[in-house]
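Let me begin by presenting the structure, written as structure tokens, before commenting on it.
Owing to the predicted nature of the structure, the values given are computational and were not obtained by experimental measurement. Order of listing sets the numbers, starting from 1, for every ligand and every atom in it.
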Amino acid sequence: MYIFVKNSQLMSVSDNLKKIKSTLPPAVKLVAVSKNHPSEIISEAYRAGQMAFGENKVQELVQKQAQLPADIEWHLIGHLQTNKVKYIAPFIGMIQSVDSLKLLKEINKEALKNNRTINCLLQFHIATEDTKFGLNQEEAELLLQSDDYKSLNNVAICGVMGMATFTDDLVMVRNEFRNLKNIFDSLKAKYFNKNNNFKEISMGMSDDYKIAVEEFSTLVRIGTAVFGERQYV
Ligand SMILES: *Cc1c(COP(=O)(O)O)cnc(C)c1O
């Protein structure tokens, strides 16, 4: 059993999962963010019933996918370069970090080669702090209105994803989540009214998922609260 220490208490992955799940409404999906944690620990979470895992690097994801049970649902949550799409296209469950039409077209191309449809989320830049990745609403609308987008038959846009500012200011965090929910509602009404795929609002991490759920998150991405602190070597 994988055990770590937090606030001088012993914690286990399966206890953590149980605890987090008990606080989530049943309709909110938990993606366990396993980046920088070894496959054995993912295995333990899997044996405890966790099926969806999130990784942010293609190379690490591909290695783990090969070592672990084939029915794991893998989510890519980090920035994706177009030249790496081909490595994950055969198996990826959802790409949460789509931030350009160019990337979406490449995902479509590789999905077609693999004779499948790949689920995607549009990533939005909602944080007040200056981070590199994510669309704003205007950019997303241009993407969704383009003829190029309309011709893509092997990608399914299933909703939106965003990360709040890394801050203790919980009012700011809440407002950023509200902003993402407003973007979701607006895009849903304008572009996905009759499309049942478009239903996910991916927001909330270890330190802010309770606020995210209050602000109508449908999918939380939780790493540290499940697996403990990440070791970067
Ligand atoms: C690492 C990461 C998470 C999980 O963060 P924790 O604070 O460890 O829960 C969630 N989303 C993204 C995009 C990440 O990169």
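In terms of protein heavy atoms, atom 14 (C) of ligand 1 is closest to Lys35 NZ, 3.0 Å. Ile77 CD1, 3.5 Å is the protein heavy atom nearest to atom 12 (C) of ligand 1. For atom 9 (O) of ligand 1, the closest non-hydrogen atom on the protein side is Ser206 OG, 2.5 Å. The protein atom (non-hydrogen) at minimum distance from atom 11 (N) of ligand 1 is Arg221 NE, 2.9 Å.
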Please lay out, stage by stage, how Phe216 and Phe184 fare under the test ring-ring contact (aromatic ring centres under 6.0 Å, His included). CA-CA 11 Å; Phe216 308 103; Phe184 172 86; over 10 Å; no

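Residue contact check: Thr224 has heavy atoms under 4.0 Å from atoms 6 (P), 7 (O), 8 (O), 9 (O) of ligand 1. Ligand 1 places these atoms under 4.0 Å from at least one heavy atom of Ile222: 9 (O).
At under 3.5 Å, a nitrogen or oxygen of Arg230, whether backbone or side chain, sits near a nitrogen or oxygen of ligand 1.
Between atom 10 (C) of ligand 1 and the options Met161, Met205, Met163, the minimum heavy-atom separation is to Met205.
Considering all non-hydrogen atoms of both residues, Asn154 and Arg116 come closest at ND2-O, 3.0 Å.
By the criterion of side-chain heavy atoms lying less than 4.5 angstrom apart, applied directly or through intervening Ile, Leu, Val, Met, Phe, Trp or Tyr residues, Ile211 is grouped together with Ile201 in one hydrophobic cluster.
Taking 4.0 Å as the cut-off, Gln96 does not count as a neighbour of ligand 1 on heavy-atom distance. Residue contacts with ligand 1 do not include Asp207, since none of its heavy atoms lies under 4.0 Å from the ligand.
Lys64 contributes no side-chain N or O that, together with a main-chain N or O of Gln59, makes up a donor-acceptor pair within less than 3.5 Å. Proximity of a side-chain donor or acceptor of Asn195 to a complementary backbone N or O of Tyr191 within less than 3.5 Å is not detected. Between the side chain of Ser206 and the backbone N or O of Ile222, no donor-acceptor pair lies under 3.5 Å.
Ring geometry, Trp74 versus Phe53: the interplanar angle falls from 30° to 60°, so the pair is classed tilted.
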